[in-house]
Amino acid sequence: MAADANPVAIPFEPDPAAAAMVEATTPVIRRALGVGTRRVALALAAFALLAACGWVFPRWLTFLLTMAAGNGLVSLGIVGLMRGGVVPFGQGMVFAAGGYATALLYNKLGFTDAIGLTLAGGVAALILAAPFAPLLSRYRGIFFATLTLALSMVMYGLLMKLDTLGGSDGFNVGRPTLLGWKLPDERAGYLLYLLTIGVATAAAVALRTAFDSTRGLVTLAVRENELRVEYLGASARRAVAINFVVAAFCAGIGGALVVLSLGHVEPNFSYWTTSGEFVFVAILAGWQSVVAVFVASTVLEVVRSFSSAYFPNTWQLALGLFLLFVIRFLPRGIGSLWTPRRHH
């Protein structure tokens with residue numbers, strides 16, 4: 001039998017519940033897209049401003065800001081862990097992993113591209129930290145801090161003893177290239193400054209977006225009431241493990257950028273005092289704002305530079321007094337100056 005040439009059209013009636021859901025979620029989606037676009041626009045404006053300032057700044061100030069941005073990346077990862085209620089005192093391990101991976105690729109394999117070396121440092125730190133993430137995610141408080149500190153000091157001991165890695169003296173790293181272009185002598189520091197603040201800006205936008213996501217809110221819930229998070233079906237351990245790996249990647253990138261700017265890597269990258277400085281910056285900044293992390297890192301570099309110049313034997317005392325001042329008058333960190341209280 002031949003098919004009907006004029007099939008009967010079946011009228012389509014939209015589901016009222018689905019239509020109501022779409023209508024309710026559309027403003028939320030638009031608002032999220034607007035926030036994301038505004039965030040990216042502000043980040044690009046900040047990068048352009050810093051790039052313009054770096055062009056006219058003296059070399060010593062450009063170098064100081066480069067180091068502050070590189071070290072700030074490590075503290076930014078620590079802030080992500082602090083949001084979940086844990087504080088690592090061993091980020092020097094992954095910081096050193098990123099630095100040594102960058103130096104070895106440059107010296108042993110002849111790979112000199114600054115962008116590639118930076119990414120390689122982050123990947124090396126991630127690979128080193130990933131096996132420890134499931135173990136560390138089971139611990140909280142002083143146990144988490146002590147275990148990370150122990151790992152960092154084991155790393156320090158190995159770096160001190162291995163002659164192939166330069167032993168206690170470390171080894172130098174030559175000047176990198178940028179997309180195949182050899183950096184000129186007079187502007188090498190400025191170009192590395194641009195690379196560092198560019199990476200720091202991208203990391204700040206990415207982590208701010210992650211903090212505001214569902215997984216970021218789960219991290220805050222883990223800090224407040226871990227048992228309730230488990231009852232609701234989320235995994236507190238998974239949240240801590242993911243944050244630990246992300247923090248390691250940020251630290252590895254920071255270590256790579258610092259090594260490229262310094263031109264030298266040494267075991268002190270993994271020493272406990274280095275890890276303590278990163279925690280110092282994270283506490284100084286607070287966990288509410290990613291911008292505050294880089295502000296706090298810059299403050300640390302400025303205070304350390306001028307204190308060591310004018311008070312060479314007591315600059316640690318000046319840092320300690322400054323931290324006590326911030327804790328007394330800004331207990332939630334520098335970020336609380338511009339973060340609304342309702343976000344705390």
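Note that the structure is a prediction, hence the values are computed from the model and not measured.
Paired with Leu178 under the rule side chain to side chain contact (heavy atoms under 4.5 Å, CB included), one option of Leu194, Leu183, Leu192 passes, and it is Leu183.
For Phe89 and Trp272, the distance between ring centers is not under 6.0 angstrom.
Side-chain contact, Ser137 with Arg238: no donor N or O sits under 3.5 Å from an acceptor N or O. Side chains of Asn243 and Thr219: a donor-acceptor N/O pair is present below 3.5 angstrom, by distance only. Looking at Thr196 and Thr66, their side chains never bring a donor and an acceptor atom within 3.5 Å of each other.
Side chain of His264 to main chain of Phe171: a donor-acceptor pair is present (N/O by atom type, distance under 3.5 Å, no hydrogens or angles). Not one N or O on the side chain of Ser297 forms a donor-acceptor pair closer than 3.5 Å with the backbone of Phe294. Remark: the backbone N or O of Gly92 is paired with a side-chain donor or acceptor of Ser275 at under 3.5 angstrom. A donor-acceptor distance shorter than 3.5 angstrom exists from the side chain of Thr148 to the backbone of Ala145, with no hydrogens or angles considered. Judged purely by atom type and a 3.5 angstrom limit, Tyr156 has no side-chain atom pairing as donor or acceptor with the backbone of Met93.
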May I have the step-by-step check of side chain to side chain contact (heavy atoms under 4.5 Å, CB included) for Val290 and Val79, ending in yes or no? CA-CA 8 Å; Val290 297; Val79 167; over 6 Å; no
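Other members of the cluster containing Leu227 are Tyr231, with ILVMFWY side chains joined at under 4.5 Å, either directly or via other members.
The line from CG of Leu165 to CG of Leu158 is 9.0 Å long, rounded to the nearest 0.5 Å. Atom CG of Leu64 sits about 5.5 Å away from atom CD of Glu301, to the nearest 0.5 Å. Note that CG of Leu162 is 5.0 Å distant from OG1 of Thr164, once rounded to the nearest 0.5 Å.
Shown here is Arg187, whose CZ atom has more than 12 heavy atoms of other residues, nucleotides or ligands within 6.0 Å.
Arg332 forms no cation-pi arrangement with Trp287, by the criterion of a distance under 6.0 Å to the ring centre and an angle within 45° of the ring axis.
The aromatic rings of Phe95 and Phe269 lie parallel to each other, with less than 30° between the two planes, well short of the 60° mark.
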Would you tabulate the side-chain donor-acceptor contacts of residues 123-133 under 3.5 Å, counting partners in other chains and residues two or more places apart, or write 'none'?
none

